[in-house]
Number of protein chains: 2
Amino acid sequence: MTSKTTTPRKHAHPAFPGPGHNHVACLSQTLDRAKSAFETRGLRLTDLRLRVFTEIAASHHAMGAYDIIERLGAKGTRLAPVSVYRAIEALTAAGVVHRLESANAYFACHAAHASQRQHIVLSCRTCRTIAEVAAEAVFDAIEDIASVHGFKADTRIVEISGLCAHCVEKASQ
Amino acid sequence: MTSKTTTPRKHAHPAFPGPGHNHVACLSQTLDRAKSAFETRGLRLTDLRLRVFTEIAASHHAMGAYDIIERLGAKGTRLAPVSVYRAIEALTAAGVVHRLESANAYFACHAAHASQRQHIVLSCRTCRTIAEVAAEAVFDAIEDIASVHGFKADTRIVEISGLCAHCVEKASQ
DNA sequence: AACCGATACGTTATAATATAACAATACCTA
DNA sequence: TAGGTATTGTTATATTATAACGTATCGGTT
């Protein structure tokens, strides 16, 4: 089995989707999850929020608020910054968008994020792709060290920058 | 032993210094460490950098770049933003100042940070105090999960917000 | 000492990110 | 359909950060 075969992947949603992954299907599922996330929380996924979310979820990259404005502007709707920020706030509250703190940018949650399992963010500095991966051991270790110091943790930000598997492979060729 | 005694602490530099800790001594040591950090790296701790660092290290809080400008301005030197940002850049490169990514702010490294042991940031949302604590288990877990995904980690940001031991105690009174 | 290249700093302008304040509209639901 | 709440529009402004370019200073070399 060579590296160039089109053998089906084991996972429908690998942490780092390759450049050629079927993003149409991926996006469709992500939108569905967003809809239920709003529904189950009793929140409204309005047209504005849906349009903003669709832009963010159009890729697996983090996107600045003003990027979103420009992209939606190119499609005919010039939004004020505050409108986009409010949409982002609602999407974040619903848990379908996260903020990449180290980049002042926003990315869609493409994973099922079942229940409350916590994820860390892996961000490839070459292809800019972002993946969230479950990492309970990391959060367990954080709780341990926090409790050693009598610290009561509230929000936990873990953002790792580096090279994703695809870019590591390319770099070694 | 009541909670109001002035019993000496076990550590000269606890992760979260109490409100009444001897910051004069603390600052003095922090400045010394900064001087050697610049020296060993062959970098210059200029007057501007020293003044900026002294402001940042005046507390265990994170400070915005414009806060620094205002504080130094109150002391007679009105600096342009870019000057402060350049100083911060140099101080960061020397490893004596870190950026709190989730707050776009900067804080002094008050710990010895011996060798290359990695630290996570604990940030109290009540008293705003920041502590860096060694947490090798956290970084080990991060390496594990990264390698599972074929990810080659480069920079690692771990920022935990919550309540420090002092504020937990106050809140429970 | 005089020179020279590199580093640091000053000055001005502007980019990039984010929120405040208040008016208008849309949406529930009684 | 009336009235309250949530959402969006509109305008202005706050906050964070960098670009571009000139001047000064430092440190090593002749």
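So that the names make sense, note that chain A is the first sequence line, chain B the second, and so on, each numbered from 1. Only a predicted model underlies this, so the values are computations on that prediction, with no experimental measurement involved.
- Toward the 5' end of DNA chain D, the nearer of the two residues B:R86 and A:L79, judged by each one's closest nucleotide, is A:L79.
- Counting side-chain heavy-atom gaps under 4.5 Å among Ile, Leu, Val, Met, Phe, Trp and Tyr, the cluster of B:L48 also holds B:L27, B:L31, B:F38, B:L43, B:L45, B:L50, B:V52, B:F53, B:I56, B:M63, B:Y66, B:I68, B:I69, B:L72, B:L79, B:V84, B:Y85, B:I88, B:L91, B:V96, B:V97, B:Y106.
- Between the CG atom of A:L72 and the P atom of D:dG9 there is a distance of 11 Å, rounded to whole Å.
- Counting only distance, with no hydrogens or angles, the side chain of B:E101 and the backbone of B:I157 share no donor-acceptor pair below 3.5 Å.
- Each end of the helix from C:dA1-D:dT30 to C:dA30-D:dT1 gets its own rotation axis from five pairs of C1' atoms, and the angle between them is 20° to the nearest 10 degrees.
- B:H110 contributes a side-chain N or O that, together with a main-chain N or O of B:S59, makes up a donor-acceptor pair within less than 3.5 Å.
- B:H61 places a side-chain N or O within 3.5 Å of a backbone atom of B:C127 that can act as its donor or acceptor partner.
- Remark: P of D:dA6 and CZ of A:F38 are 15 Å apart, rounded to the nearest angstrom.
- Evaluation of the side-chain contact (heavy atoms from CB on, under 4.5 Å) rule for A:D47 yields A:R51 as partners, not counting sequence neighbours.
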Would you tabulate the nitrogen or oxygen pairs shorter than 3.5 Å linking the protein to nucleotides 12-17 of chain D?
unit_1: D:dA17; atom_1: OP1; unit_2: B:R99; atom_2: NH1; d: 2.6
unit_1: D:dA17; atom_1: OP1; unit_2: B:R99; atom_2: NH2; d: 3.1
unit_1: D:dA17; atom_1: OP2; unit_2: B:Y85; atom_2: OH; d: 2.9
unit_1: D:dA17; atom_1: OP2; unit_2: B:Y106; atom_2: OH; d: 3.1
unit_1: D:dA17; atom_1: O5'; unit_2: B:Y85; atom_2: OH; d: 3.4
unit_1: D:dA17; atom_1: N7; unit_2: B:Y66; atom_2: OH; d: 2.6
unit_1: D:dA17; atom_1: N6; unit_2: B:Y66; atom_2: OH; d: 3.3

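- If you take CG of B:L45 and P of D:dT25, they are 18 Å apart, rounded to a whole angstrom.
- Protein chain B touches strand DNA chain C; the 5'-most and 3'-most nucleotides with an atom under 4.0 angstrom of its non-hydrogen atoms are C:dA8 to C:dT12.
- Residue pairs meeting the ring-ring contact (aromatic ring centres under 6.0 Å, His included) criterion with at least one partner in residues 130-162 of chain B, sequence neighbours excluded, are A:F16-B:F151.
- Under a cut-off of 6.0 angstrom, the local environment of CZ in B:R99 is crowded, with over 12 non-hydrogen atoms contributed by other residues, nucleotides or ligands.
- For an aromatic pair to be called close, the ring centres must be under 6.0 Å apart, and B:H119 with B:H98 fails this.
- Remark: A:R44 is not in phosphate contact with D:dT5, judged by side-chain N or O atoms under 4.0 Å from OP1 or OP2.
- For the pair A:S83 and D:dT10, the criterion of a side-chain N or O lying under 4.0 Å from OP1 or OP2 is not met.
- In this structure, B:R41 contributes its side chain and B:A94 its backbone to a donor-acceptor pair below 3.5 Å.
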